[in-house]
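Input: a single structure, listed below in structure tokens.
Atom set for the values below is all heavy atoms of this structure, side chains included, hydrogens, waters and symmetry mates excluded. Here the structure is a predicted model, which means the values were calculated and not measured.
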Amino acid sequence: MRISTLDALRGIAVALMVFVNCPGSWTHMYDLLRHAKNSGIYIADMVFPMFLWSVGFSMYCQFEKTYGSPEVSRAIENSKKPYRKIWIRGFILILLGMCLSFFGSCSLQNVRIPGILQRIGLIYLAFLLLLFFYPKWKYLVFVSLAIVFLSYLNLHLTHDFDWSLEVLKQEDTWFAWVDRTLLGSDHLWKQSKNYDPEGLLSTLPAFLTSLHGFFYAKYRKHSKSRLRWLGFTLALAILSSFLFPIRKDDWTLSYASLTAICISLLFLSLEKKSHWLGITWFSILGRNALFSFVFLGLVGRIPSFAKGRPSVFSQISSFLDPKLSSFVFSVLFLLILWGIVFFWDRFRSELNPRQDLKT
């Protein structure tokens, strides 16, 4: 069964992704729809964490009955839980991400290896390994502490093992050095080639965001436990901001915690006031989040779209403010995407009827 509130959260993430990645003009955008430079959090910096938080939430829901039980491994082996679907899904996400990267470059010499779908796929596989071999919540705590320690070292210890009292730049961290060494500069984010915001080792702290979603799902049905977890997440976000810069590219603990508390509160609002926030409208996008992501990725890489966007933007900006025109272009594009997804969702529902839960 699908959880409609979780679908709505994914749908909001898809909608925000359109505003961030498909403006009418890259030079005329509201600052909140851009990624924060160096440190800080804007709306654009909330999109990817919303997807990762949703991964953790859905993982707990799939293993809810057997998680923490000594019979969990046997239950998985007996196909009582869809572990095969999870690892297949992880590999499919990685493959799709690589295909999108190749579609954008059409060359194996400079194709970008890391990416958003690749990171989500790796986190699916990491969850599967942890829940299969270590089905106790305490192991997740140990893993979290180890990741936090590595993340702190990454910000102050260079790959030459020189300790810096000041926080290192992204390209000077040993996470970035590992990416350059293992993958090569030509296969990293083309805007820098010195580091990749979705690099290999930086996926480890990104896993913390999914763990936040996992534990929120664990405590969500008991108001007191949920309140304690929200309080813990808020306290962690405040305290970690003194030790870690709020930096997305390194996915620092402060960034993971601050985004997690915002997403948790948004999810709680969707549960309590779903009629206020258009849960059905967003749920259609959320049920087809992967389809939407791939569609946007393909369209954004089509040369005709890149050539046609300026002309459409110029038509809108002839009677509106440039920034507002860029935003209106995104709204129109979102409506087109929603219409396509709506018919795709109807087609899927006819082939495979689904059962939805409100929470």
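In the hydrophobic clustering of this structure, Leu270 does not group with Leu227; members are Ile, Leu, Val, Met, Phe, Trp, Tyr whose side-chain heavy atoms approach within less than 4.5 Å, directly or through other members. Residues Phe102 and Trp189 fall into different hydrophobic clusters, defined by Ile, Leu, Val, Met, Phe, Trp and Tyr side chains chained together at heavy-atom separations under 4.5 Å. Linking Ile, Leu, Val, Met, Phe, Trp and Tyr residues whenever their side-chain heavy atoms come within less than 4.5 Å leaves Leu93 and Leu95 in two separate clusters. Taking hydrophobic clusters as Ile, Leu, Val, Met, Phe, Trp and Tyr residues chained together by side-chain heavy-atom distances below 4.5 Å, Leu239 does not share a cluster with Leu211. Tracing side-chain contacts under 4.5 Å through hydrophobic residues (I, L, V, M, F, W, Y), one reaches Leu230 starting from Leu9; they form part of the same cluster.
With sequence neighbours excluded, no residue satisfies side chain to side chain donor-acceptor pair (under 3.5 Å) with Gln118. With sequence neighbours excluded, no residue satisfies salt bridge (Lys or Arg N to Asp or Glu O under 4.0 Å) with Arg89. Remark: Arg10 engages Asp7 in a salt bridge (Lys or Arg N to Asp or Glu O under 4.0 Å) (not counting sequence neighbours). The side-chain contact (heavy atoms from CB on, under 4.5 Å) test applied to Asp186 returns Lys193, not counting sequence neighbours. Scanning for side-chain contact (heavy atoms from CB on, under 4.5 Å) contacts around Asp249 gives Gln170, Tyr195, Pro197, with sequence neighbours left out. Residues that satisfy the salt bridge (Lys or Arg N to Asp or Glu O under 4.0 Å) test with Lys221, not counting sequence neighbours, are Glu64. By the salt bridge (Lys or Arg N to Asp or Glu O under 4.0 Å) test, Asp179 pairs with no residue at all, sequence neighbours left out. Every ring-ring contact (aromatic ring centres under 6.0 Å, His included) that Phe232 has, sequence neighbours left out, goes to Trp229.
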Evaluate the side chain to side chain contact (heavy atoms under 4.5 Å, CB included) criterion for residues Lys190 and Asn110: first the C-alpha distance (whole Å), next the side-chain angles of each, then the deciding distance (0.1 Å), finally the verdict.
CA-CA 9 Å; Lys190 63 181 181 180; Asn110 58 6; over 6 Å; no

Determine, step by step, whether Arg287 and Val341 satisfy the side chain to side chain contact (heavy atoms under 4.5 Å, CB included) criterion, reporting the C-alpha distance in whole Å, the side-chain angles of both residues, the deciding distance to 0.1 Å, and the verdict.
CA-CA 9 Å; Arg287 286 196 297 267; Val341 170; over 6 Å; no

Check against side chain to side chain contact (heavy atoms under 4.5 Å, CB included), Ile120 and Phe48:
CA-CA 9 Å; Ile120 297 175; Phe48 199 5; 3.8 Å; yes

The test is side chain to side chain contact (heavy atoms under 4.5 Å, CB included); show your working for Thr203 and Glu198 and say whether it passes.
CA-CA 7 Å; Thr203 299; Glu198 279 79 49; over 6 Å; no

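Atom-to-atom distance recorded for Ile92:CD1 and Leu290:CG is 9.0 Å, nearest 0.5 angstrom. In this structure, CD in Gln62 is found 11.0 Å from CZ in Phe127, a value given to the nearest 0.5 Å. Considering CG of Leu204 and CG of Asn154, their distance stands at 10.0 Å, rounded to 0.5 Å. To the nearest 0.5 Å, atoms CG (Leu258) and CG (Leu253) are separated by 9.0 Å. Going from atom CZ of Phe291 over to atom CZ of Arg348 covers 9.5 Å, rounded to the nearest 0.5 Å. To the nearest 0.5 Å, the span separating OH on Tyr255 from CG on Leu208 amounts to 12.5 Å.
The number of heavy-atom neighbours closer than 6.0 Å to CZ of Phe149, taken from other residues, nucleotides and ligands shown, is 12 or below. The neighbour count for His222 NE2, taken as heavy atoms of other residues, nucleotides or ligands under 6.0 Å away, does not exceed 12.
Contact detail for Cys61 and Ile3: the closest heavy-atom pair is SG-CD1, 3.5 Å. In terms of heavy-atom proximity, Glu271 sits nearest to Thr5 at CG-CG2, 3.7 Å. Between Leu117 and Phe293, the shortest heavy-atom contact is CG-CE2, 3.5 Å. Leu32 approaches Tyr42 most closely through the heavy-atom pair O-CB, 3.4 Å. The shortest non-hydrogen separation linking Ser292 to Leu285 is OG-O, 4.1 Å. In plain terms, the two heavy atoms of Trp53 and Ala260 that are nearest each other are NE1-O, 4.1 Å.
The closest side-chain heavy-atom distance from Phe175 to Pro205 is below 4.5 Å. Side-chain contact between Met59 and Ile86 is present, with at least one heavy-atom pair separated by less than 4.5 Å. Between Leu6 and Phe267 the shortest side-chain heavy-atom distance falls below 4.5 Å. The shortest distance between side-chain heavy atoms of Phe51 and Val55 does not fall below 4.5 Å. Side chains of Phe327 and Pro322 form no contact here, defined as non-hydrogen atoms less than 4.5 Å apart. With contacts defined as side-chain heavy-atom distances shorter than 4.5 Å, the pair Val14/Leu337 qualifies. By the 4.5 Å heavy-atom criterion applied to side chains, Val312 and Phe333 are not counted as neighbours. Here the side chains of Thr252 and Ser151 are not in contact, with every heavy-atom distance at 4.5 Å or above.
Although no hydrogens or angles enter the test, the distance criterion places no donor-acceptor pair under 3.5 Å between the side chain of Arg226 and the main chain of Lys218. Between the side chain of Arg220 and the backbone N or O of Ala217 there is at least one donor-acceptor pair closer than 3.5 Å. Checking side-chain atoms of Ser257 against main-chain N and O of Ser254 turns up no donor-acceptor pair under 3.5 Å. Side-chain atoms of Thr158 come within 3.5 Å of backbone N or O of Asp162 as a donor-acceptor pair.
Under a 4.5 Å side-chain heavy-atom criterion applied to ILVMFWY residues, the cluster that includes Leu168 comprises that residue alone.
In this structure, a donor-acceptor pair under 3.5 Å is absent between the side chains of Arg112 and Ser101. A side-chain donor from one of Arg119 and Ser202 sits under 3.5 Å from a side-chain acceptor of the other.
Applying the side-chain hydrogen bond (donor to acceptor under 3.5 Å, both in side chains) test to every pair with at least one member in residues 207-217, sequence neighbours left out, gives these pairs: Thr209-Trp251. Residue pairs meeting the side-chain hydrogen bond (donor to acceptor under 3.5 Å, both in side chains) criterion with at least one member in residues 325-341, sequence neighbours excluded, do not occur. Legend: side-chain hydrogen bond (donor to acceptor under 3.5 Å, both in side chains) pairs involving residues 16-35, not counting sequence neighbours, sorted by first then second residue: Ser25-Thr27, His35-Asp45.
In this structure, Trp87 and Phe91 have perpendicular ring planes: the angle between them is above 60°, well past the 30° mark.
Separation of the Phe313 and Phe329 ring centroids does not fall under the 6.0 Å cut-off.
Between Lys169 and Asp172 there is no salt bridge, since no side-chain N of the basic residue sits under 4.0 Å from a carboxylate O of the acidic one.
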